[in-house]
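Down below is the structure, laid out as structure tokens.
Side chains included, hydrogens not; waters and symmetry mates left out as well; all remaining heavy atoms used. Letters A, B, ... are given to chains in the order of the sequence lines, protein chains preceding strands, and every chain is numbered from 1. Everything quoted here is computed from the prediction, not taken from an experiment.
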Amino acid sequence: MQNCRCFDSIRSMESMKRSVTCGELRAADLEKEVILNGWVHRNRDHGGIQFINLRDRYGLTQVVIDQDAPELLRNAGAGLKPEYCIAVRGRVRARPDGMKNAEMLTGDIEVAASQIRVLSTSEVPPFVIDERSDAKDDLRLRYRYLDLRSFSMQRKIKLRHEVMLSVREYLSGEGFYEIETPSMIRSTPEGARDFLVPSRLHPRKFYALPQSPQLFKQLLMVSGFDRYFQLAHCFRDEDARGDRQPEHTQIDMEMSFVGRDDVFKVIEGLFSFVFGRCLNVQLETPFARISYHDAMNRYGSDKPDLRFGLELQDFAEFVPKAEFAVFQKVLESGGAVRVLKAESCGSYSRKQISDLEETAKIYGAGGLAWMKVTDEGLEGGISRFYEGVAAEIIAAYQAKPGDLLLFVGADWQTACTALGAVRSRLGNELSLIDSSLFRFAWIVDFPLFEWNEDEHGWDAAHHMFSMPQEQYLETMESNPGEVKGDLYDLVCNGFELASGSIRIHDPELQKRVFKIVGFSEEEAQRRFGFLLEAFRYGPPPHGGIAPGLDRLVMIMAGESSIREVIAFPKNAVAVSPMDGSPAEVDEQQLRDLGLRISSESAPAGGHGEGTDVSNSDA
RNA sequence: GGGGGCGUGGCGAAGUUGGUUAUCGCGCCGGCCUGUCAAGCCGGAGAUCGCGGGUUCAAUCCCCGUCGCUCCCGCCA
């Protein structure tokens, strides 16, 4: 009966249900008769004695089959392969002196097997299920259910669960209701492209999957719910990027009768609670506040990594004092020259500097100018232009021999962004980052409008329901570029963790914003007349924010991709290698929907699937 | 939409300035082994070097195309 190769050994487990998990036995449990259920992690057969590490989500327990065990049992043990799902009955005993394993929580004990039942066998898995599995992401996603068996993935999924649970606990305690909003809504003109869902009942019509519950949560404020949150799935049909998924999860929130600081206080309380509960980390509150302008100016990013300094500084005052035409022209055309002092990088080779320049160029810089600080003054790069003011420059930036000065001259935005990228790279290269830190900050005072070069008009920088700051209300039309909004981002360690705003609840002000971004009254009525209508019935002042759950958990888990904290993510091109989505559908399904695939939209290089659908229905 | 990188047994990699048995580790199979815990030792199987075309006496290597994956820029409030 214990011959695992016999089919009839795979049977009901009714008499072999676990009495303990694989993570809980300790020295205090000696002599207990236990039943374990789990997967064969490793099977070490020493000829006479066999050791089987049995794994479940709680841990590992060493099962032993002794030399003098019945032959039937020894044979069964010998046949156990990795990932077989088995049940083991046995007695807990102490490991001999010197054989204890301090690395294992259950390392003081072992279970001497008296009965083994194979619950199911396993083919040889495509990769070893182990902490240090070196399988590539593509393969891990193809067999995600196996990847998820590893302790490292189980830890991250557990952390995600605990974060979600503590978010609910905290917000509920603060008077927030969790309210679900529809997953099938009208397509509304927000930033990204919508995923569309064709309606069979209403041919030619489509639902859209929400990019966020934005309009609905504002309606809930009109309804008087006052404090709302939801762990909401959000869908965006945008081009894939490594840090992006077509669907992601937000901790979506909205509050009535609040200003910006009220929102900040709730979030600071929430994050403190979540980090304390899930990581036992105490966050310092209130979080720092940095204006968008300062963030760009000092760190070259609107989501700066504040775990290290290396701040950007201005070089404009020295430009007129030297005959370096490149920088002079930049300033004449209204641009900026920014400088970064890379301490002790004076030994960088031309190759290393040229690599840094490549980084700067990716973000639009024409080049990366440099000078080395030596005992004699400034050397190399563009230093010959600045010989006359070398001492002044060294003093102004408190540069020391061995330092490297790096410069980008361009329009302000480009200069900051490009040098900011160099800053980030140096932060990593020079190991300036303490990865155990969580450095939060609010980024505030974002511009409300952005100039769209292509369409030659103003766009809403965030979305068009965000409130302009009061001091700009008079001049909003005459100078849209100057208007700061009641917008805010929460950043942590170089990631944008949340984004939100105080909303416009005054229909007249809303109309003015629509007009500035070239959104006609008719268009507004057509696309979200329901929201505008609602605002005719006493809307409360309100505002909100939406932390990204995936990124939050990613940062807490110390990972660098949100794929690592999503149970079943898509890959970098928005495909699921496991279930094969997206995929073609049956002809009949298309017919029911009144849809036909046009051959123009068939995949390039056509393998035929796309065109088949089209032809068969033509 | 644009640019870079990668594709070699089940997995991860090495390799060839183009030369005939394609290497290593892990895994797998068989054997040995009484205390291991990434067990050890011995033996073995397993690869049309992503696919198609081209150059060449000869292509895994060079060229072109293509597919797949991946990173970055744009885009994504």
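Taking the six-membered ring where the residue is Trp, A:F216 and A:F530 present tilted rings, their angle falling between 30° and 60°. Between A:W442 and A:F264, the ring planes are parallel. Angles under 30° get that label, and only those over 60° would be called perpendicular.
For the pair A:R236 and A:S561, both in contact range of RNA chain B, the more 5′-proximal nearest nucleotide belongs to A:S561. Toward the 5′ end of RNA chain B lies the nearest nucleotide of A:E110, the other residue of the pair A:E110 and A:N571 mapping further downstream.
Distance NZ (A:K570) to P (B:U70): 13 Å, rounded to an integer number of Å. Taking atom CG of A:D130 as the reference point, atom C1' of B:C11 lies 12 Å away to the nearest angstrom. Whole-Å rounding puts the A:L139 CG to B:G68 C1' distance at 14 Å. In this entry the distance linking CG of A:L146 with C1' of B:G10 reads 13 Å, nearest Å.
Here the separation of B:G31 from B:C24, taken at their P atoms, is 24 Å to the nearest Å. Taking atom C1' on both nucleotides, B:G46 is separated from B:C11 by 13 Å, rounded to a whole Å.
The base of B:G68 is not paired with the side chain of A:D138 by any donor and acceptor separated by under 3.5 Å.
One side chain, A:Q211 or A:D194, offers a donor N or O that lies under 3.5 Å from an acceptor on the other. Defined by atom type and a distance below 3.5 Å, a donor-acceptor pair is missing between the side-chain atoms of A:Q250 and A:S212.
For B:G35, the base is not stacked against the aromatic ring of A:H46, per a cut-off of 5.5 Å between centres and 30° between planes.
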Polar atom pairs between nucleotides 24-27 of chain B and protein, under 3.5 Å, N or O only, would you list them?
none

